[in-house]
Every structure is written in C-alpha cells, then in structure tokens.
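For reference, the structure is listed below as structure tokens.
Small disclaimer: the values here were computed from a predicted structure and weren't measured.
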Amino acid sequence: MCRLFGLSGGREPVSATFWLLEAPDSLAVQSHHDPDGTGLGAFRPDGSAYIDKQPLAAYADRAFAQAARTVRSRTFVAHIRYASTGAVAMENTHPFEQRGRLFAHNGVIGEVVRLEQRLSDSRDLVHGETDSERFFALITQEIEADGDVGGAIARAAGWIAANLPVFALNCVLITDSELWALRYPAVHELYVLERGTGEGGPARGEHLHHRGSHGELRVHSAELGERAAVVVASERMDDDPGWRLLAPGELIHVDADLHVHSRIILQEAPAHPLTLADLDPRAAASQRVAQGPSRT
C-alpha cells in the first residue's frame with residue numbers, strides 16, 4: 001500500500017521537517033519492500049507549488065528519501081509509492097501538480113484507457129502512465145466546470161465508482177490554504193487528527209512528531225507545539241486518542257481556519273469492485289500490506 005500524509009497548519013506558514021524514508025534500523029523495516037518513489041509537496045510564500053520527489057527502484061541509493069528536508073508552508077502532502085500502474089519513473093511519482101493544486105492517491109483504478117477517454121482538454125495535464133494522475137485530471141476537469149473542489153472530487157469519484165473497476169480511491173488534494181481527503185471504499189484506512197483545534201487549543205505545548213509504524217515516514221514540527229493543525233494519514237502515527245478513522249465514502253475538507261467539514265459522497269460500494277485476486281501480481285503486492293492489522 002502506498003502511504004499518504006496530509007497536513008494543514010492554518011492561515012500562517014509553518015516549518016515542518018520530513019523524513020520520507022527512515023534508515024532501516026530494524027528487521028521489521030528491512031523486511032518491507034523498497035519503495036518505488038517518495039515525494040513531498042508544499043507551497044512557497046508566493047503561493048506557487050513546490051514538489052520534491054524521486055523514483056526509487058529497489059536497487060537505488062536511499063539517501064534521497066532518508067535525508068531530512070525542512071519546508072515552510074501552510075499545507076503539505078507526502079506520499080510513498082509502491083507502484084501498481086506505470087514504471088518506476090519521475091513522471092509516475094506522487095504528488096502530482098495540476099493548475100496549482102497538489103494530489104496523491106492510494107489505490108488502483110482499472111480500465112485506465114476508459115478513464116483517459118473521459119478526459120477532454122484535461123488530458124494534456126497527464127504526463128505519466130498512472131491511474132492516479134488520470135484520476136487527478138478528471139477532478140481538475142470537474143473543478144474547471146464550477147470551481148467547487150469538493151464537488152469535483154465527488155463527481156469524479158462517483159463516475160469512476162459507477163463505471164470502472166475500483167480497488168481504492170483514497171486521496172489527498174491540497175491548495176496553498178486548504179486540504180481535501182477521501183476514503184473510498186473500506187479496503188484501505190485513512191485517519192484524521194484535529195490536533196489542538198478545539199477549546200483546549202494546541203496540544204499542551206507538545207511538538208508535532210509523527211512516525212509511521214513501519215518507519216517509512218516521520219514528520220516533526222516544533223512550531224506546531226504552539227499552534228493547531230489537522231493531519232491526515234494512512235495510519236495512526238502516534239498514540240494520540242484523537243485519531244479518527246474516516247468512514248468509507250467520507251470526504252473531508254479542511255479550510256484555511258482549520259475547520260473540518262465532513263460528508264459522505266459515496267453511499268454505495270463500487271459497481272465493479274476489485275479484489276487482490278483480480279489485480280496483477282505487481283498491483284496486488286503494492287496493495288496487500290493494507291490488509292494486515294492496523295496500528296492501535
């Protein structure tokens with residue numbers, strides 16, 4: 001399974017340090033497949049998108065992903081790819097940028113040719129081979145119809161769920177001030193943590209420090225010890241009891257003031273659901289880890 005991570009720090013930029021792949025310091029970490037790509041997306045002070053990503057074949061030097069990178073932004077998206085569609089190449093590595101927005105996806109969509117046929121002028125936004133980039137292009141196409149990002153995600157995901165074979169559509173989309181995240185259907189988990197956004201304020205002065213259970217992603221921010229934030233991740237990344245598992249079909253929107261708006265946009269299961277047995281061996285291997293027990 002690919003690893004998804006999204007973070008919003010509110011109206012003012014915040015500094016956060018990311019390790020996209022930690023050193024293999026245990027047998028548990030060493031036993032996992034090497035990733036096929038790692039990427040971090042954020043926004044510069046002028047609002048332009050910033051992406052730092054690299055395809056990582058199994059034989060590649062892991063130094064790029066293990067290096068700490070400190071970035072200042074209001075929103076962030078990070079992704080660790082285990083390839084299901086497309087070669088291990090830069091153009092297939094998440095996150096993707098389209099029209100000043102950044103996007104990462106965890107899952108598999110079948111019949112990619114039909115998905116591409118659904119695109120009109122947005123087909124020009126696609127540069128790689130992945131179903132993920134085409135899913136993003138369909139969302140972008142829908143956004144350009146009325147400017148409603150949440151509605152566009154709902155329409156794009158709804159069309160795919162009704163017409164194409166689907167394993168999972170979990171995704172995170174960010175602008176320079178807002179974040180959207182979708183979990184659909186139930187095969188992969190996606191969690192949200194509203195850290196210090198309630199009456200209690202920031203989390204008792206504790207630095208934000210999240211680490212994936214497999215050592216594949218670590219995020220640290222001292223500034224967020226004094227400020228609220230909202231985090232979205234493929235797994236609970238610490239023992240905070242505030243982590244909440246999104247419901248299948250749930251889309252959340254985190255606005256610039258860190259208000260979290262939630263709605264179910266897909267009530268029904270995919271019309272043509274894919275199982276691991278339906279996937280080719282490469283795609284199945286990329287998704288199989290999600291079938292194991294979650295961190296508690």
Side-chain angles (χ1 to χ4, degrees), residues 1-6 20 33-41 49 51-58 60 65 77-99 101-143 152-153 156-157 159-161 163-174 180-185 187-188 190 216 234 270 272 274 276 278-290:
M1 179 182 72
C2 301
R3 303 290 178 185
L4 277 177
F5 180 91
L20 299 178
H33 297 294
D34 285 329
D36 297 311
T38 65
L40 171 64
I51 297 179
D52 188 4
K53 64 182 181 179
Q54 183 71 33
L56 296 175
V77 60
H79 186 271
I80 298 173
R81 180 185 187 226
Y82 294 87
S84 58
T85 304
V88 178
M90 184 69 78
E91 60 268 23
N92 295 329
T93 304
H94 306 228
F96 303 103
E97 178 188 1
Q98 294 179 9
R99 304 284 195 261
R101 306 177 192 95
L102 299 177
F103 176 87
H105 166 232
N106 174 22
V108 177
I109 304 169
E111 299 184 14
V112 175
V113 171
R114 285 189 63 200
L115 175 55
E116 183 159 341
Q117 290 171 345
R118 182 73 176 178
L119 305 176
S120 55
D121 293 343
S122 296
R123 193 174 304 180
D124 294 338
L125 299 172
V126 176
H127 304 290
E129 306 165 282
T130 66
D131 52 349
S132 303
E133 193 179 17
R134 286 158 177 80
F135 179 22
F136 187 22
L138 183 57
I139 293 170
T140 300
Q141 180 170 289
E142 293 294 332
I143 292 171
I153 294 172
W159 184 86
I160 291 170
N163 293 280
L164 301 181
V166 170
F167 188 78
L169 297 179
N170 286 18
C171 61
V172 173
L173 186 155
I174 61 172
W180 290 260
L182 169 67
R183 181 187 181 214
Y184 181 78
V187 294
H188 289 329
L190 192 62
E216 294 168 306
S234 298
H272 309 285
L274 292 170
L276 287 175
D278 297 320
L279 304 181
D280 65 48
R282 184 184 183 202
S286 76
Q287 305 297 313
R288 186 170 287 112
V289 68

Quick one: does F96's side chain get under 4.5 Å of T130's, heavy atoms only?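 Yes; the side chains approach each other to less than 4.5 Å.
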Heavy-atom check, side chain of F136 versus side chain of L173, under 4.5 Å: yes
Residue among R118, R114, E116 satisfying side chain to side chain contact (heavy atoms under 4.5 Å, CB included) with R134: E116
Drop me the distance from [X]'s [atom1] to [Y]'s [atom2], to the nearest 0.5 angstrom.
X: D52; Y: T38; atom1: CG; atom2: OG1; result: 7.5 Å
X: N163; Y: I109; atom1: CG; atom2: CD1; result: 12.0 Å
X: H105; Y: L182; atom1: NE2; atom2: CG; result: 9.0 Å
X: I139; Y: L125; atom1: CD1; atom2: CG; result: 12.0 Å
X: L169; Y: L190; atom1: CG; atom2: CG; result: 12.0 Å
X: L40; Y: L102; atom1: CG; atom2: CG; result: 9.5 Å

Do the rings of H79 and H94 sit parallel, tilted or perpendicular, given the 30° and 60° boundaries? parallel
Aromatic plane relationship, F167 with H188 - under 30° parallel, 30 to 60° tilted, over 60° perpendicular: perpendicular
Closest heavy-atom pair and its distance - [X], [Y]:
X: P270; Y: V166; value: CB-CB, 4.0 Å
X: G39; Y: K53; value: CA-CB, 3.6 Å
X: N170; Y: P185; value: OD1-O, 4.4 Å
X: L115; Y: F135; value: CD2-N, 3.8 Å
X: N106; Y: S234; value: ND2-OG, 4.4 Å
X: A104; Y: L4; value: CB-CD2, 3.5 Å

Any donor-acceptor pair under 3.5 Å from N92 side chain to E129 backbone: yes
So, E133 side chain and G128 main chain: donor-acceptor pair closer than 3.5 Å or not?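 Yes; at least one donor-acceptor contact below 3.5 Å.
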Walk me through it: do I143 and R99 pass the test side-chain contact (heavy atoms from CB on, under 4.5 Å)? CA-CA 10 Å; I143 292 171; R99 304 284 195 261; over 6 Å; no
